[in-house]
Number of protein chains: 2
Amino acid sequence: MNTARASSSAATPPAKGARGAGTKGVPRARREEQILAAAMDEFGRHGHASASMAAIAGRVGVTKPMLYTYFGSKDGLYLACLEHVAPRLVTAIEEAMGRSRGRLTAGEKPAAETPHRVLSAVFGVLEEQRGAWFVLYDRTLKPGTDLHAAAHRHRRTIDDLAASGTADLLRGHGNEDPLDADALKHVWTGTVGALVGWWTSHPDQSAQDMAARCARLLTAIRG
Amino acid sequence: MNTARASSSAATPPAKGARGAGTKGVPRARREEQILAAAMDEFGRHGHASASMAAIAGRVGVTKPMLYTYFGSKDGLYLACLEHVAPRLVTAIEEAMGRSRGRLTAGEKPAAETPHRVLSAVFGVLEEQRGAWFVLYDRTLKPGTDLHAAAHRHRRTIDDLAASGTADLLRGHGNEDPLDADALKHVWTGTVGALVGWWTSHPDQSAQDMAARCARLLTAIRG
DNA sequence: CAGAGGTAAATTACCGGAAGGTCATACGTT
DNA sequence: AACGTATGACCTTCCGGTAATTTACCTCTG
């Protein structure tokens with residue numbers, strides 16, 4: 001460890017007694033992680049527009065220009081958040097759904113435990129970043145902006161997985177209406193969001209707790 | 001119609017060629033309705049913080065000071081929105097759930113069609129104000145603010161109704177866990193929000209269309 | 001091994017624009 | 001004349017974004 005001196009303990013916001021300028025450095029890679037984590041939470045809590053760069057910087061214990069030298073702009077930081085969380089969710093969900101198989105063929109019925117497996121996977125990914133879900137699914141992004149398009153692009157793979165699931169479910173009941181499938185997809189992603197939102201306001205709950213809870217809820221709903 | 005001259009057709013944003021000052025008056029009550037409608041939509045779409053007073057005013061075809069003379073402040077306008085939509089939703093939902101009966105007694109099982117009836121009621125109320133739901137359920141309100149408290153207060157009756165429904169459902173399956181009931185309540189309100197959100201992006205769908213769709217989806221889920 | 005210079009990490013101080021909010025004033029009707 | 005409807009212009013604050021500068025470490029020379 002060459003940069004030994006940990007003068008700024010990296011999480012203390014003002015580091016008040018600390019040095020004026022240029023206390024010298026936390027290496028870039030580590031700072032970027034810290035900033036991403038803080039940004040994820042702020043963006044997730046308040047939405048893109050309401051989140052403030054200064055607040056994100058302050059939470060890391062750093063000043064605004066740092067964010068700009070590392071991420072270029074507010075949108076750049078938001079985009080970095082998207083690129084960080086989306087692939088992890090995609091991977092986890094694909095694995096939970098058994099990505100080898102494509103859409104179900106005629107007689108095949110969708111596995112009843114798939115929703116629960118997907119939820120467990122999502123909780124696992126979001127355990128330390130519960131706000132991240134709402135970065136991907138930020139209802140307040142203005143349509144027509146680059147960010148809106150980017151968020152949709154990153155959502156897309158996840159939405160497609162959800163769509164295949166809901167389409168299979170509906171087909172199993174003889175319902176081929178594409179609008180129904182789209183609406184149910186929306187309901188599903190909304191449900192995941194609702195669960196993550198509830199989780200956010202119950203910080204003591206672990207991912208396993210949530211998974212177990214969802215198992216109980218699913219049986220009650222289907223019962 | 002005494003105010004005949006429709007120089008500002010109420011929906012044209014700038015009314016560019018229009019008159020200088022005092023083009024004459026739409027009576028206060030009617031203006032307040034227009035403003036409330038516009039505010040509901042803007043707040044619902046963008047969230048409280050991101051919505052702009054100027055945009056709301058522009059949509060009505062009026063300038064900012066009008067909003068302030070009629071509603072005092074941005075928060076005042078938001079509050080007026082809450083007070084406008086919350087009671088209507090409460091009334092409709094109470095009726096749909098059969099407000100006469102309290103919680104279910106031991107042997108009684110919750111009516112299977114209740115969710116569908118509630119959804120139909122909600123769609124009916126929101127038909128012309130689809131964004132209104134997200135005024136009540138704005139995730140981006142900062143905790144600790146007056147608005148956050150007010151929104152929760154207005155939500156409360158609705159949430160309590162939802163809670164009684166979910167608690168009954170879970171009790172019917174031998175589940176008495178209060179956290180489970182709370183989480184399921186959250187999931188239910190989240191689901192309603194997801195459906196309203198989908199509806200918002202499919203303006204051609206009527207409330208009846210939505211109700212019918214939900215009936216199909218419910219059978220598929222429970223099947 | 002000292003110092004010169006390069007470079008990465010970080011800050012202070014500032015700019016321009018957008019948005020909440022206010023004031024004095026202008027119309028039209030009664 | 002008086003009142004209700006409405007506006008243009010302005011103030012202040014907050015926030016995204018930038019420029020100039022400072023501090024600390026590393027390395028390359030003599």
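Sequence lines set the chain letters: A, B, ... in the order given, protein chains first and strands last, and positions in each chain run from 1. All values below were derived from every heavy atom in this structure, side-chain atoms included, with hydrogens, water molecules and symmetry-related copies excluded. What you see is a predicted model; the values in this text were computed from it and never measured.
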**Prompt:** Starting at the 5' end of DNA chain C and moving along, which residue's nearest nucleotide shows up first, B:A54 or A:M66?
**Reply:** A:M66
**Prompt:** In whole Å, what is the span from the CZ atom of B:R30 to the C1' atom of D:dA6?
**Reply:** 16 Å
**Item:** A:R213 to A:Q205 - nearest heavy-atom pair and separation
**Value:** NH2-OE1, 2.8 Å
**Message:** Tell me whether the side-chain N/O atoms of A:R31 come closer than 4.0 Å to OP1 or OP2 in C:dA8.
**Reply:** no
**Fill in**
B:I56 CD1 to C:dG21 C1', in whole Å, measures 14 Å
**Message:** What is the separation between atom OH on A:Y70 and atom P on C:dA8, rounded to the nearest whole Å?
**Reply:** 10 Å
**Request:** Could you check how far OH of B:Y68 sits from C1' of C:dG21, rounded to whole Å?
**Result:** 5 Å
**Request:** Would you kindly give the CG-to-P distance between A:L67 and C:dA9, to the nearest whole Å?
**Result:** 14 Å
**Request:** Report the distance from atom CZ of A:F43 to atom P of D:dG16, rounded to the nearest whole Å.
**Result:** 8 Å
**Prompt:** So which nucleotide from C:dA10, C:dT12, D:dG16 ends up closest to the side chain of A:M53?
**Reply:** D:dG16
**Prompt:** Which part of the nucleic acid, if any, lies within contact of A:S52, taking any heavy atom under 4.0 Å across all strands shown: a base, the sugar-phosphate backbone alone, or nothing?
**Reply:** sugar-phosphate
**Message:** By the 4.0 Å heavy-atom rule, please label A:A51 as base, sugar-phosphate, or nothing.
**Reply:** sugar-phosphate
**Fill in**
Ranking D:dT7, C:dT11, D:dA6 by distance to the side chain of A:V62, first place goes to C:dT11
**Message:** On the nucleotide C:dA10, are OP1 or OP2 found under 4.0 Å from the side-chain N or O atoms that A:R28 carries?
**Reply:** no
**Request:** Using a 4.0 Å heavy-atom cut-off across all strands, classify B:T69 as base, sugar-phosphate, or nothing.
**Result:** nothing
**Request:** May I have the step-by-step check of side chain to side chain contact (heavy atoms under 4.5 Å, CB included) for B:H116 and B:V118, ending in yes or no?
**Result:** CA-CA 5 Å; B:H116 177 252; B:V118 171; over 6 Å; no
**Asked** Considering residues, nucleotides and ligands other than A:R28, do more than 12 of their heavy atoms fall under 6.0 Å from its CZ?
**Response** yes
**Fill in**
Testing D:dT5, C:dA9, C:dG20 for proximity to the side chain of B:K64, the answer is C:dG20
**Asked** Going through the checks in order, is the side chain to side chain contact (heavy atoms under 4.5 Å, CB included) test met by A:H48 and A:L147?
**Response** CA-CA 9 Å; A:H48 170 268; A:L147 243 33; 3.1 Å; yes
**Message:** Using whole Å, what does the distance between atom P of nucleotide C:dG21 and atom OH of B:Y78 come to?
**Reply:** 15 Å
**Request:** Specify the separation, in whole Å, of atom NZ of B:K74 and atom P of D:dT12.
**Result:** 21 Å
**Request:** Kindly check if the number of other-residue, nucleotide or ligand heavy atoms within 6.0 Å of CG (A:D177) is above 12?
**Result:** yes
**Prompt:** Think A:T63 has a side-chain N or O under 4.0 angstrom from the OP1 or OP2 of C:dT11?
**Reply:** yes
**Request:** Give B:F71 one of three labels, base, sugar-phosphate or nothing, depending on what nucleic acid heavy atoms sit under 4.0 Å from its own.
**Result:** nothing
